[in-house]
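Chain letters run A, B, ... following the sequence lines, proteins first and then strands; every chain starts at 1. Since this is a predicted model, take the numbers as computed values, not measurements.
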Amino acid sequence: MTLFRVDTQINRPTAWILSWFLFVAGISLYFYTSQKRHLENPEDKVVPGLTQLGQGISDAFLKSDADDQSATGDGFFHSMLWTDTVASGKRFLWAMLLLIPAVVLGLHMGMFPVVGQFFLRFILFFDKIIALSVLPVLFIAFGIDELAKIMLIVIGVTPTIILDCFNLTKSVPQEQIVKGFTLGAKDFGVTYRIVLKQILPRVLNSIRLNLKAVMLFLFAGEMIASQDGLAFRIALLRRHMGMNVIIPYVLWVALLLFLVDLTMRVANRRLHPWFREA
Amino acid sequence: MSELIGICGVEVEYPIHGHAPKKVLSGINVSIRQGELVTVCGKTGCGKSTMLRLILGAEKPTRGQVLIDGREHGRPDRDRGYVPQKYSLFPDRTVLDNITFGPTMERFWLFGKRKKELREEAFEYLRMTGLHESDAHKYPDQLSGGMQQRVAIAQALIMRPRILLMDEAFSALDPATRGDMQKLIRDLWARAGTTILFVTHNIAEAIYLGSRVLVLGKEQPEDGSRVLLDIEVTDSKQDRLTKLIENAVMCNQREMEVPA
């Protein structure tokens, strides 16, 4: 069994087969189950077949929401998938923008002992609060509009990002900071032109790794109280057993998240050519 | 020559939770004149780097004073250049950007003529420290250890500091590169006359480089380190000088004169 040795050299075709095997197996298993269920019940909606999925994809990608009065016309940019993506995307972007102050706060906590002392204990406590447990409080405090959903994402993800930035700032060698002062930099020069520049690729990685958490909180907010958005649609279709649309939606969300992740990774590599991931 | 650095009755203790504070330095009195190249040696953990960090302003003494030009200085500033053993360069900047970092801190934006002049000056320092112009656009992790230290020296020198503090700057280098770097420092010192404090645990290096050698050590294990030897390096009596320094470093013996 030379294949299972720690020093096994894998050639290109084997690597390709290994990395795609589970995808192929999963898809095969799905269609096998679907076919079996359809033999027992041709109207089965739980595991839709290829034709049902095709219909669902066509409805989602090309038709507007029948309940939405403002949606007119057909085509991708009038489709319910597109309008839902835009609605969720706006919330997602707002949440991402609100992470910028979190990065700045974490940086300052790491650089300035007074700021660190002031915030650290509170943020550590805040980080332990389960964001979903305060959802009712958020809906009472901020209403069921956009703000509550964005606040849910902020409360869920911000403490992690702040603490990550704090730790990254602290990990910058003291020699670099001292060196900065000897080269004429002042406090903010050292903070922004030395430390921030050095931790930025790792901060971007940290945000990238938290994308799923951002989406999780976004989906929780949308599923509970929303009139549009990807999660709203999934929750709505669940009531009608619309698995032929839910499955394309789930895959679409995964694809979007993958693309955002990929974009951030490529941007990180381009913006920071000096950075080597550990 | 007038006194540039004065270390007067300095003691350094580090608090240890639940225990008596750890004494690192006690009763240090040293006067360094302008233009001297002083090497500080001693065993590992004897407080050489602490002494350098006190002069740098990165650390405060528990008791006593560190004076520069007769005045107490606060945090590190551009008068005191610093070349540490590790993390001497900013990894996110190319060689050229590392060297020009200091001058660009004076003004946030540099345009036209001034920018061109600064680049020229940076290239001059690059050549002076034995680097090629083709290295200018490389990142630090693309350079060898010796080249990185050359850039670090250029980066510090372009600021024209009054004092250059080097903390075991060559200890990670191979013997051949180390020899080149020692020669470079001697040449730069002879040319620019900058006051240099060079910390090393290598006795041969301390004698080769220094115009004066300080040996730090502890007479008793529980004590803080003191200056065991403070001696001018002359071309004659080099062998006896080596023996004397070795004796001080190895046996922690306090002797202030070269034996006949």
Margin query: With a strict 4.5 Å heavy-atom criterion, list every residue of residues 97-121 of chain A that contacts chain B, or say none.
Written below: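 Checking residues 97-121 of chain A against chain B gives no residue, so none.
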Item checked: B:Gln85 versus chain A, the contacting section by heavy-atom distance below 4.5 Å ->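 When you check distances to chain A, no heavy atom of B:Gln85 falls under 4.5 Å.
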Next item on the list: Keeping the roles fixed (side chain from A:Lys179, backbone from B:Tyr82), state whether a donor-acceptor pair exists under 3.5 Å.
Entry: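 Judged by distance alone, yes, a pair lies under 3.5 Å.
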Item checked: Note, A:Ile194 side chain near B:Phe101 side chain (heavy atom, < 4.5 Å) ->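 Side chain of A:Ile194 against side chain of B:Phe101, heavy atoms only: contact under 4.5 Å found.
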Check: Between CG of A:Leu196 and CG of B:Asp92, what distance do you get to the nearest 0.5 Å?
Finding: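 One gets 10.0 Å once the value is rounded to the nearest 0.5 Å.
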Check: Are more than 12 heavy atoms from other residues, nucleotides or ligands located less than 6.0 Å from atom CH2 of A:Trp252?
Finding: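 Enclosed.
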Check: Under a 4.5 Å heavy-atom cut-off, does chain A meet the side chain of B:Pro91, its backbone, both or neither?
Finding: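 Both backbone and side chain of B:Pro91 come within 4.5 Å of chain A.
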Note to self: Can you tell me which of B:Met159, B:Arg80, B:Arg75, B:Arg53 forms the most heavy-atom pairs within a distance under 4.5 Å of chain A?
What the structure shows: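 Answer, by heavy-atom pair count under 4.5 Å with chain A: B:Arg75.
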Next item on the list: To the nearest 0.5 angstrom, please state how far the OG atom of B:Ser88 sits from the CD atom of A:Glu175.
Entry: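 These two atoms lie 9.0 Å from each other.
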Margin query: Is it the case that the side chain of A:Gln198 and the backbone of B:Phe90 share a donor-acceptor pair, with hydrogens and angles ignored and the cut-off at 3.5 Å?
Written below: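 Side chain of A:Gln198 to backbone of B:Phe90, a donor-acceptor pair under 3.5 Å: no, none is there.
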Note to self: Could you measure the distance from the CZ atom of A:Arg193 to the CZ atom of B:Arg93? Nearest 0.5 Å is fine.
What the structure shows: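 Separation between the atoms: 6.0 Å.
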Margin query: Using modelled atom types and a 3.5 Å cut-off, is there a donor and acceptor pairing between side-chain atoms of A:Gln176 and backbone atoms of B:Leu89?
Written below: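 Such a contact is found between A:Gln176 side chain and B:Leu89 backbone.
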Note to self: Within the structure provided, determine whether B:Asp141 and A:Trp274 are in side-chain contact (heavy-atom separation under 4.5 Å).
What the structure shows: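 In short, these two side chains do not touch, never coming nearer than 4.5 Å.
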Next item on the list: Spell out the residues in residues 180-189 of chain A that have some non-hydrogen atom less than 4.5 Å away from a non-hydrogen atom of chain B, in order of number; otherwise answer 'none'.
Entry: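 Result: A:Gly180, A:Phe181, A:Thr182, A:Leu183, A:Gly184, A:Ala185, A:Asp187, A:Gly189.
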Notebook entry, point to check: Just wondering, more than 12 heavy atoms not from B:Arg119 lying within 6.0 Å of its CZ?
Noted result: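 No, because the 6.0 Å sphere around CZ of B:Arg119 holds 12 heavy atoms or fewer from other groups.
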Notebook entry, point to check: What do you reckon, is OH of B:Tyr87 surrounded by more than 12 foreign heavy atoms closer than 6.0 Å?
Noted result: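 For B:Tyr87, atom OH is not crowded (no more than 12 foreign heavy atoms under 6.0 Å).
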Next item on the list: Count the heavy atoms belonging to other residues, nucleotides or ligands that lie under 6.0 Å from CD1 of A:Ile130, then report whether that count exceeds 12.
Entry: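 For A:Ile130, atom CD1 is not crowded (no more than 12 foreign heavy atoms under 6.0 Å).
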